[in-house]
Amino acid sequence: MPATAVLLLAALGFGPAVWADTSGNPGGPFYSSASIVNAAANLSGPLAPNTIASIYGTGLAYGIKGIAPQDLQGGALPYVLSNTGVRVWVNNIAAGIYFVSPNQVNFLVPAAIAPGPGQVVVTLDGHAGPAVTVTIAPAAPAFFQLDVHTVIGTHADGSTITHDAPAQPGETIVLYATGLGQTMPPVSYGEIATKATPVQNPGSVVVLVDGAAVDPASVSYAGLAPGFAGLYQVNLQVPASAGADPEIRIGMAAFTSPPNLILPVQPAAPLQ
């Protein structure tokens, strides 16, 4: 498996199960609106349909378990991981689950949720936590991160872009995000993409490099990443004018990803 895929899987909570039954959870699930965040940015704020999100709290599960191949049926995420009893509901619609632990649950906001108030409830073996309200927006873009300062991206050969293996101006790269909203055609609940599925309005996608919008023609694809649910990829030709390690952001309509993340770029040395 390519290293970048491993990084992304880790970010989504995939991995070997280390389930450890603690035999009882008398307090039940507890969390708040502020502790429900976009899983890429790890910040509270609006969520979009088909966004990968995290809930932080206490008493969310009896142990730790990530999604396993046997949990995948019908080309979609499960609504409950085997032997966990943990479910997440958004406006009374069951959400796909990636990962559960006593203090964190990673889930997929149902794709058909309409913008507006969204009520989130976690249940554990039928015992419900508080019904809390989050804002559902048409888009809530955020890049997944290699570290606290750097976005995850790949070169054309699938290798990870790092400071030791930076992108070059003019190179076409792939960046990974969540929160880009509806697609065309729309996806069903928890659907794992099997082919390129662009966002509903590709013209609304703007990539900002050091604060300047790139030529729209430089964004050759923005849509779901095949093999994943809720993960979007953006195919970008790095501007020829890009300087070293520019800040990079992605916007859709009035919504823009968090600032202060960089893309490792190394311009060619000037000819002597």
Side-chain angles (χ1 to χ4, degrees), residues 1-12 40-41 50 52 139 141-147 149-184 187 192-253 255-271:
M1 179 179 290
T4 301
V6 173
L7 288 168
L8 290 166
L9 291 174
L12 303 184
N50 211 41
I52 302 165
F143 285 122
F144 280 97
Q145 296 169 219
L146 187 65
D147 57 38
H149 301 297
T150 311
V151 298
I152 292 179
T154 62
H155 298 282
D157 64 1
S159 61
T160 305
I161 295 170
T162 67
H163 292 284
D164 293 328
Q168 301 293 317
E171 177 185 358
T172 296
I173 64 172
V174 178
L175 301 171
Y176 294 94
T178 196
L180 302 192
Q182 300 288 359
T183 59
M184 187 58 65
V187 294
I192 296 170
T194 59
K195 60 183 179 180
T197 307
V199 297
Q200 193 170 60
N201 184 6
S204 68
V205 177
V206 177
V207 176
L208 304 169
V209 175
D210 271 343
V214 304
D215 183 344
S218 298
V219 181
S220 55
Y221 175 74
L224 295 176
F228 295 91
L231 180 68
Y232 296 75
Q233 71 177 66
V234 178
N235 296 4
L236 171 71
Q237 184 178 33
V238 180
S241 60
D245 300 340
E247 180 194 56
I248 188 159
R249 303 178 72 182
I250 183 169
M252 296 186 71
F255 305 94
T256 307
S257 63
N260 303 320
L261 292 178
I262 66 165
L263 172 68
V265 172
Q266 182 57 61
L271 296 176

Participant: Could you tell me which residues satisfy side chain to side chain donor-acceptor pair (under 3.5 Å) with Thr150, sequence neighbours excluded, listed by chain and number?
Facilitator: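 Result, side chain to side chain donor-acceptor pair (under 3.5 Å) vs Thr150: Asp147.
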Participant: Could you give the distance from NE2 (His155) to OG1 (Thr172), rounded to the nearest 0.5 Å?
Facilitator: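 His155 NE2 to Thr172 OG1: 12.5 Å, rounded to 0.5 Å.
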Participant: Please confirm whether the backbone N or O of Pro141 pairs with a side-chain atom of Ser257, one donor and one acceptor, at under 3.5 Å?
Facilitator: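 No; zero donor-acceptor contacts below 3.5 Å.
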Participant: Within this structure, what is the CG-CD1 distance for the pair Leu180 and Ile250, rounded to the nearest 0.5 Å?
Facilitator: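 Leu180 CG to Ile250 CD1: 5.0 Å, rounded to 0.5 Å.
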Participant: More than 12 heavy atoms of other residues, nucleotides or ligands under 6.0 Å from NE2 of His149: is that the case?
Facilitator: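 It does not: His149 NE2 has 12 such atoms or fewer within range.
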Participant: Using a 3.5 Å cut-off and no angle test, enumerate the donor-acceptor pairs between side-chain atoms of residues 236-246 and protein atoms at least two apart in sequence or in another chain.
Facilitator:
residue, atom, partner, partner atom, Å
Gln237, NE2, Gly170, O, 3.2
Asp245, OD1, Val265, N, 3.1

Participant: Working to the nearest 0.5 Å, report the span between CD1 of Ile173 and CD1 of Ile161.
Facilitator: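 CD1 of Ile161 is found 4.0 Å from CD1 of Ile173.
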Participant: Side-chain donor-acceptor contacts of residues 200-210 below 3.5 Å, not counting sequence neighbours, with atom names and distances?
Facilitator:
residue, atom, partner, partner atom, Å
Asn201, OD1, Gly203, N, 3.4
Ser204, OG, Asn201, O, 2.7
Asp210, OD1, Glu247, N, 2.9

Participant: Of all residues at least two apart in sequence or in a different chain, which pass the side chain to side chain contact (heavy atoms under 4.5 Å, CB included) check with Gln168?
Facilitator: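 Result, side chain to side chain contact (heavy atoms under 4.5 Å, CB included) vs Gln168: Pro166, Glu171, Gln266.
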Participant: How close do Val214 and Val219 get, counting heavy atoms only, and between which atoms?
Facilitator: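 Closest approach of Val214 to Val219: CG2-CG2, 4.1 Å.
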Participant: Can you sort out the partners of Asp164 under side chain to side chain contact (heavy atoms under 4.5 Å, CB included), two or more places apart, ordered by chain and number?
Facilitator: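 Partners of Asp164 under the side chain to side chain contact (heavy atoms under 4.5 Å, CB included) test: Thr162.
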Participant: What pairs of donor and acceptor atoms, side-chain ones from residues 220-235 against any protein atom, are under 3.5 angstrom apart with sequence neighbours left out?
Facilitator:
residue, atom, partner, partner atom, Å
Tyr221, OH, Thr197, N, 2.8
Tyr221, OH, Thr197, O, 3.3
Tyr221, OH, Leu224, N, 3.2
Tyr221, OH, Leu224, O, 2.8
Tyr232, OH, Asn50, ND2, 3.3
Tyr232, OH, Gly181, O, 2.5
Gln233, NE2, Asn235, OD1, 2.9

Participant: When rounded to the nearest 0.5 angstrom, what distance separates CZ in Phe143 from CG in Leu261?
Facilitator: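 Atom-to-atom, Phe143:CZ and Leu261:CG are 8.5 Å apart.
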Participant: Hey, what do you get for CD1 (Ile262) to CD1 (Ile248), rounding to the nearest 0.5 Å?
Facilitator: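 Result: 10.5 Å between the selected atoms.
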